[in-house]
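A short worksheet on the structure shown next.
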2 protein chains.
Amino acid sequence: AVAAQNITKTFGTDDTKVAALDEVSVTFRPGEFTAIMGPSGSGKSTLMHCLAGLDTVDAGQVAVNSTVITGMSDNDLTKLRRSHIGFIFQAFNLVPTLNAKDNIVLPLDLAGAKVDQDWFDQIIATLGLADRLTHKPHQLSGGQQQRVAVARALLTRPAVVFADEPTGALDSNTGAEVLALLSRSAREMGQTIIMVTHDPHAASYADRVVLLKDGGVLGHLEDPTA
Amino acid sequence: AVAAQNITKTFGTDDTKVAALDEVSVTFRPGEFTAIMGPSGSGKSTLMHCLAGLDTVDAGQVAVNSTVITGMSDNDLTKLRRSHIGFIFQAFNLVPTLNAKDNIVLPLDLAGAKVDQDWFDQIIATLGLADRLTHKPHQLSGGQQQRVAVARALLTRPAVVFADEPTGALDSNTGAEVLALLSRSAREMGQTIIMVTHDPHAASYADRVVLLKDGGVLGHLEDPTA
Ligand SMILES: Nc1ncnc2c1ncn2[C@@H]1O[C@H](COP(=O)(O)OP(=O)(O)OP(=O)(O)O)[C@@H](O)[C@H]1O
Ligand SMILES: Nc1ncnc2c1ncn2[C@@H]1O[C@H](COP(=O)(O)OP(=O)(O)OP(=O)(O)O)[C@@H](O)[C@H]1O
Ligand SMILES: [Mg+2]
Ligand SMILES: [Mg+2]
């Protein structure tokens, strides 16, 4: 459902120039749960942003659901992301002026689509957010903000879910709820789950692990166990 | 070096009202490395902010280095924090318009103090930031931003270091460097280290663990082993 072919991405100029991705090729299939691991600064978030069309590549191409997104116009990219992609950002990226509930339904509002109330209630219950829906981001703990970001990405039932360290701010119990939810999304709803994590326990929920190092793919692990 | 006596903290009004801390008493001694653990939303960040004088309490009192800070003026609080406290925020709180180096030396600049160049070089080398000093926060990975926040808190050699999930965005190797640095700061420099973490491995570096739940102290663990 998502494929990168030989993608290269360089940032900056002169003394901030960094080769963040160096000829990376990787494919993610429908219903597959992949964990991406690697040292801090190895290019994981950059890879995720390029695969989701949030950033452009300097060489190579990216395809989502058999559509080549490299070279697509901003308008078409936005429409594709809105209907097919959910993204849980490493820094959450919540809208500070909206409360938790409005942050969560924002993608649907922007698409002019209705909220599936049952699914909304299920996600909120699983993530323990029922009594925080009217709080704004600054009135939430770090882990609560992270869970709002998770709910926002899952509510639209997108074909592909990108999760950039989705349990980084969570205790083990709350983290397990998030991982179980992502795992069910892959197995029962056939979604493609691509999760960056530093936590080997989180990676053990995945079907396979892709290892990055210095902007390149170091290797793969099938069926990881913590 | 830091003591909280029966502190209570309530946030919000009406439907956002939350009793974040409920009669919490805890003492931290010089040279002691304490980990604070507990579920997401249990009050850890709130406790840290109240202990550091970044937020006021509604009842009880807080003392830092035998000075009662409850009721202190903003000016006096700012001076005390600047000379005695280093804080690594859960969301990093870096200045977006300054590069990494300027973010790290900012507290010293504001205090009109000189940078100890040897100590600066040591910290930068240990945290692997030497080739990122001219990058601005948006040009850094999540883990690199976190390490800049760690460097900023340690450069001034404060009597008390508050670390709110200082390894949340780091891979295990980089995280181990940060934990070893904090541990050395306690043992060799006699600093008081107070670290919030969700990671039992990180907690194992501490001399003891304080457990929070629903705004109250659930218990203590001495000499934790992962
Ligand atoms: N300004 C605010 N208004 C209302 N409630 C708030 C406000 N700030 C924090 N809270 C609430 O206080 C509680 C404690 O928050 P705190 O940030 O201390 O939790 P935490 O233990 O650090 O959690 P995490 O592990 O998720 O970071 C949370 O339930 C949060 O929703
Ligand atoms: N705008 C930019 N300009 C210059 N360099 C950049 C920019 N954005 C990212 N980088 C660099 O690209 C590299 C890869 O960053 P990326 O955020 O993908 O790492 P990561 O693997 O997600 O790390 P972490 O685990 O710390 O989140 C880093 O070394 C970073 O400094
Ligand atoms: Mg990252
Ligand atoms: Mg917190």
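Quantities reported herein were computed from a predicted structural model and do not represent experimental measurements. Note on naming: letters A, B, ... go to the chains in the order of the sequence lines (proteins, then strands), and numbering restarts at 1 for each one.
Counted by atom type alone, A:Asp118 and A:Gln122 present zero donor-acceptor pairs between their side chains at under 3.5 Å. Remark: the B:Gln90 side chain and the B:Ser45 side chain contain an N/O donor-acceptor pair separated by less than 3.5 Å.
Figure legend: cation-pi geometry between A:Arg208 and A:Phe28, with NZ or CZ positioned under 6.0 Å from the six-membered ring centre and within 45° of its axis.
When B:Gln146, B:Gln145, B:Arg147 are compared by the number of non-hydrogen pairs under 4.5 Å with chain A, B:Arg147 comes out ahead. Ranked by heavy-atom pairs under 4.5 Å with chain B, the first of A:Ser42, A:Gly175, A:Gly41 is A:Gly41. For the set B:Ala20, B:Ser172, B:Gly142, the entry with the most heavy-atom pairs within less than 4.5 Å of chain A is B:Gly142.
Classified by interplanar angle (parallel below 30°, tilted 30° to 60°, perpendicular above 60°), the ring pair A:His49/A:Phe87 is perpendicular.
The parts of B:Ala169 that come within reach of chain A are both its backbone and its side chain, each placing non-hydrogen atoms under 4.5 angstrom from that chain. At a 4.5 Å heavy-atom cutoff, the contact between B:Gln144 and chain A is made by backbone and side-chain atoms alike. Contacts of A:Ser40 with chain B are made by both backbone and side-chain atoms, with heavy-atom separations under 4.5 Å.
Salt-bridge check for A:Asp55 with A:Lys9: passed, with a basic side-chain N closer than 4.0 Å to an acidic carboxylate O.
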